[in-house]
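So you know, we letter chains A, B, ... as the sequences are listed, proteins then strands, and number each from 1.
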Amino acid sequence: MHHFIDRRRNPSGKSLSNRQRLMRRARHYIKQTVDKSVANRSIRDTKDDSHSEHEIVTIPVKGISEPRFVHSSAGGLRHKVFPGNKDFVTGDRLPRPKSNVGGAGSKASKDGEGEDEFSFGLTRNEYLDILFEGLELPDLSKKKMGKQETISLRRGGITTSGSPSNLNLVRTMRHSLGRRIALQRPSTAEIQRLEAQIERLIHIKNPPADISDELKDLRQCLEKIKRRRSVIGFIDPVDLRFNTFRPETRPNYKAVIFCLMDVSGSMQEREKDLAKRFFMLVHLFIESVYAETEIVFIRHTQTAEDVDEETFFYDQQTGGTIVSSALEKMRDIIADRYSPDEWNIYGAQASDGENYSQDSAKCADLLSKVLLPVCQYYAYVEIIPEREKKLLATADAGGELWQAYRRVRQSWPRFDIERVANRNHIYPLFRTLFSPKLTGSGV
Amino acid sequence: MKSQKKMTPLFTGCSWSFDLLGQAHDAISKIALDELKLDIYPNQIEIISAEQMLDAYSCAGLPLMYHHWSFGKRFVRDESNYRRGRSGLAYEIVINSNPCISYNMEENSMAMQILVMSHAAFGHNHFFKNNYLFRDWTDASSIHDYLAFAKSFIAQCEQEYGEEEVEAVLDAAHALQDQGVFRYGRVAQPTTKEGEAMQLLRDQYANQKSVLDLWTDRNFGTCEPHENLTEIDVAERRKGMQLPEENILYFLEKHSPILKPWQRQVIRIVGFLAQYLYPQKQTKVINEGCATFVHHYIINRLYETGQITQGTFLEIIHNHTNVITQPEFDSPRFSGINPYALGFAMMEDIRRICENPTREDREWFPTFAGNNDWASVLRDAWRNYRDDSFILQFLSPHLIRKFKLFAITDNAKQPNLIVSQIHNREGYRNIRRLLAKSYDLAFLEPDIQVVDANMSGDRELKLNHTVHDGIQLETHNRVEVLRHIKQLWGYEVRLTGRDQKSGDVCYESATAVTAE
């Protein structure tokens, strides 16, 4: 009469589509939380996938309330029964309690449902999805699409001719079998049977007439069968089938990000922190678009070095500032390791805007002649002290490097420069850099 | 206690296996059917993981459900509470269906599996199959088909008309779930096939109906003003729409001038499910009491006959005790009367009255005091009562004293609360009556009815809320729900609250005003 079923192996995620519907409905609130969260994250968090698994999002009840007709919790005449009387007798008067405790006059929460606002964790993908909603990678490769493509082979069906190495055995044998059955090709078993019979008869000494007749018949029969077998081949050229492959061009999905940072003495913790956040966002975003991404960290003082992430962000350095050294380094690394034919190259540079005085022109030159032609996009972020934020409110004002870069920008839409003074501006800045309108003007 | 030859224990370890579960089920079944004479649907027991339990939670425990964000909300909330350890999960969920499906958690120990099986697969199962509310109002054998139909129908609508369109209708219909049930008289429920055929007919009819209405309405655009209508005309009009009607969902489904056929079907589905779950809302105490009493009896018998070890017995009793704990009103853990505690105590009390009645019991319960066949008295109670009637009939003075029940009167017009009844001779009946009333859905849920709609006039839908004891509706919710009704009705909606005794208008709320 009983019947046990093990459901544990059933596919999970039954509530997934309900969850997505909830996310869609509460998108507005979730987005607010996510945007806020960016300001307070460290780049280490985003590096460590397991850690960033759950971004906690809080949705106010208002956003997702389910109204019902419910009695209000105050007013009117009510009787309620409670357990655990200690010393009350009929007619006792009690002050109306203010709080929920013990409450005949208990107040449910304001919405009448007794529901609090609630929080839940977003998965990494949901988080990134919302974080980068509406953003696009500047798709500037259109002009030189050919360069951005790789050629790969793709199955192109079955044909009747081709090279032996592409022979499709299953199909070939299937046709062969069908043909052999249709043309009634004698089987090996049949021949063996006849041969065995003949063998048996041969060994009879002084065979009577009927046996020699039979032997003769069998031999004729065997010969006929053998001839038939040789005429109807086991595999005939009409059976042959070959796989074909079509070359197909595919857009290139490999990307490399160059993070360039000034680490000279003028870059303090604050500046580095802001730069870090900017690089983190660029990395997260590009990573969410490309299947394969690599990052190159180049730090520079008066000389540039290709370093690992740890050193890049946390190692102290002192010295002067020659920005072009980093750009030269980037150029060399591209030539060395990342052929523009194969890689989508992105550059992100952060600096406090100081540079050795004659160097800025050289930087502009390097950028427009060498780097920008091979880059998909290059963003420069200048980190300025908060007090200068007002002074440098317009793009016209600014140091030598800024001015040089501004000139470059006029001829290169895939190059962008921005200023940032505090942590909360990083994300909006990032959004302006990567908003689709830029693409429109760029192409 | 009955002495019996001791048997060997079914198991000694703590982990379960399907073989053990099968043996335990048979042992339980023997006690339940032979001694308690329970009458149950065949059991289908499914072992599920914690995540699947959360899935089931989010959809009111139903095995199949259409998609809606509110289920996602429940899921997300329960999941995060569970993950952070704020709340545990139920050991089981049981569904009123034939065969009776219960979901048992994989994490339960063997002892817990026995408790859970006795509780759900026998206790609840018997209640579902026998209680008059479930027999009259739900069809256990067709619920699966219906849920499958509902899910696929709504998925189909989402494909055809877009998720947002469907969501809007579902949101509005969900807001009216509590007003989407018939409380009196049974409606015949169509089977899935009939439902689909009906939907087809409706689609065809509705394609032509709006045109038909337009051409056959001779008064169209030349409506007489309200004043000219006589009382009789109004009464006639209301009769035509079978008003008053308290099932607002049903009324909208039948009479809304703007809904498309698929929207009516969506509303119908929501109404059907509300109706299906309605008996459960009315039988919390008696249903849980029944299941708890049954598992308690079975566990004790299993122990007495030596089929479970002392360790197992103690583990189960420990859980049992947690479940039936009733904190007192001044305890920080108090959150109302625990239905498990009250139900179980009342049923144990019935058994006591049958076996060892006092003079008081004989006086209060002459029909069954001293009747040694307590099992049949209980089966009769499980069959024919719901929470309020069960309490009204069976709550004994003994139990009122044991729980030390007292009643508080909260009159908003007076500054203080008054202790109106305590567990004394004068108070027994009143406490019993008040407690029963606090389980009566007719008082718990607002009494709101559709009273009129002038279809050849402004088409404003008029709702009437009968205000009992001056208890009004929570305003924010009221406004929101009216907006939802307006969306389904297509025209303005006006809700009037009238005092039950005097008939005076307490308040008026209309969408036309709130929109301004």
Side-chain angles (χ1 to χ4, degrees), chain A residues 1-8 10 12-15 17-26 56 64-86 88-97 101-102 104-105 108 110-113 118-121, chain B residues 18 21-22 25 42-49 51-52 55 58 67-73 75-77 80 106 174-175 178 326 328-330 337 403-412 416-419 421-423 431 434-435 438 446 448 469-474 476-478 480-481:
Chain A
M1 196 170 87
H2 58 79
H3 186 35
F4 289 94
I5 298 177
D6 191 352
R7 290 271 182 226
R8 288 169 294 175
N10 278 20
S12 64
K14 204 175 156 194
S15 292
S17 60
N18 288 333
R19 185 188 165 95
Q20 284 161 352
R21 282 167 168 77
L22 174 72
M23 298 269 296
R24 195 191 63 215
R25 193 171 176 100
I56 301 298
I64 45 164
S65 73
E66 297 170 78
R68 298 279 174 90
F69 280 132
V70 285
H71 282 136
S72 75
S73 51
L77 174 69
R78 294 151 201 266
H79 305 279
K80 270 190 117 179
V81 177
F82 295 92
N85 185 11
K86 305 282 183 324
F88 296 146
V89 293
T90 313
D92 276 0
R93 281 161 199 280
L94 313 168
R96 193 166 274 130
V101 183
K110 263 187 197 158
D111 56 40
E113 285 180 286
F118 72 95
S119 317
F120 65 101
Chain B
F18 283 99
L21 288 181
H25 182 280
N43 273 316
Q44 177 173 325
I45 295 166
E46 308 192 352
I47 307 293
I48 61 172
S49 63
E51 191 199 333
Q52 289 167 327
D55 284 337
S58 64
H67 295 306
H68 187 253
W69 62 268
S70 64
F71 305 135
K73 169 181 159 185
F75 178 78
V76 158
R77 185 184 54 204
S80 80
E106 62 170 333
H174 282 185
D178 298 335
Q326 174 63 68
E328 301 191 331
F329 79 100
D330 51 357
I337 289 180
F403 273 90
K404 298 199 177 70
L405 295 178
F406 66 102
I408 292 238
T409 298
D410 175 10
N411 190 343
N416 289 326
L417 306 177
I418 297 171
V419 178
Q421 312 289 342
I422 61 164
H423 53 281
I431 285 179
L434 291 174
L435 188 63
S438 73
I448 296 168
D469 294 331
I471 298 173
Q472 301 203 354
L473 294 180
E474 200 277 315
H476 177 72
N477 268 300
R478 186 183 73 198
E480 289 290 310
V481 178

Participant: Rounded to the nearest 0.5 Å, how far apart are CD of A:E66 and CH2 of B:W69?
Facilitator: 4.5 Å
Participant: Are any of the side-chain nitrogens in A:K80 or B:D410 under 4.0 Å away from the carboxylate oxygens of its partner?
Facilitator: no
Participant: So, taking the atom named CD1 in A:I5 and the one named CD in B:E46, what distance separates them when rounded to the nearest 0.5 Å?
Facilitator: 4.5 Å
Participant: Quick one: pull up NZ in A:K86 and NZ in B:K404 and give me the separation to the nearest 0.5 Å.
Facilitator: 8.0 Å
Participant: Is it the backbone or the side chain of B:I422 that comes under 4.5 Å from a heavy atom of chain A, or both, or neither?
Facilitator: both
Participant: Can you confirm whether B:D178 sits close enough to A:F69 that some side-chain heavy atom of one is under 4.5 Å from a side-chain heavy atom of the other?
Facilitator: no
Participant: Once you measure the plane-to-plane angle for A:F4 and B:H25, does it fall in the parallel (<30°), tilted (30-60°) or perpendicular (>60°) bin?
Facilitator: perpendicular
Participant: Please walk me through it: do A:R8 and B:I47 pass side-chain contact (heavy atoms from CB on, under 4.5 Å)?
Facilitator: CA-CA 7 Å; A:R8 288 169 294 175; B:I47 307 293; 3.9 Å; yes
Participant: What residue, out of A:G75, A:P95, A:G76, has the most heavy-atom pairs lying under 4.5 Å from chain B?
Facilitator: A:G76
Participant: Quick one: closest heavy-atom pair of A:S65 and B:K73, and the distance?
Facilitator: CA-NZ, 4.3 Å
Participant: Answer yes or no: is there a side-chain heavy-atom contact under 4.5 Å between B:I408 and A:L94?
Facilitator: yes
Participant: Output all residues satisfying side-chain hydrogen bond (donor to acceptor under 3.5 Å, both in side chains) with A:Q20, sequence neighbours left out; order by chain, then residue number.
Facilitator: none
Participant: Let me confirm one number: the CG-CD distance from A:N85 to B:E328, rounded to the nearest 0.5 Å.
Facilitator: 9.0 Å
Participant: What is the minimum heavy-atom distance between A:N18 and B:H67, and which atoms define it?
Facilitator: OD1-CA, 3.2 Å
Participant: Between chain A and each of B:R478, B:Q472, B:Q326, B:H174, count heavy-atom pairs under 4.5 Å; write down the option with the most.
Facilitator: B:Q472
Participant: When heavy-atom pairs shorter than 4.5 Å are enumerated against chain A, which of B:P446, B:S58, B:G470 gives the highest number?
Facilitator: B:P446
Participant: Relative to chain A, which segment of B:F71 carries a heavy atom at a distance below 4.5 Å: side chain, backbone, both, or neither?
Facilitator: both
Participant: Identify the heavy atoms of A:S72 and B:I471 that sit nearest to each other, and give their distance.
Facilitator: O-CG2, 4.0 Å
Participant: Under a 4.5 Å cutoff for heavy-atom pairs, which residue among A:R7, A:M23, A:R19 has the most contacts with chain B?
Facilitator: A:R7
Participant: Applying side chain to side chain contact (heavy atoms under 4.5 Å, CB included), can you list everything that pairs with A:H79, at least two apart in sequence or on another chain?
Facilitator: A:L77, B:T409, B:L434
Participant: Between B:F18 and A:D6, is there a side-chain heavy-atom distance shorter than 4.5 Å?
Facilitator: yes
Participant: How close do B:L405 and A:P83 get, heavy atom to heavy atom, and via which atoms?
Facilitator: CD2-CA, 3.7 Å
Participant: Let me confirm one number: the OG1-CD distance from A:T90 to B:Q421, rounded to the nearest 0.5 Å.
Facilitator: 6.5 Å
Participant: Measure the CZ-OG distance between A:R25 and B:S70 for me, rounded to the nearest 0.5 Å.
Facilitator: 9.0 Å
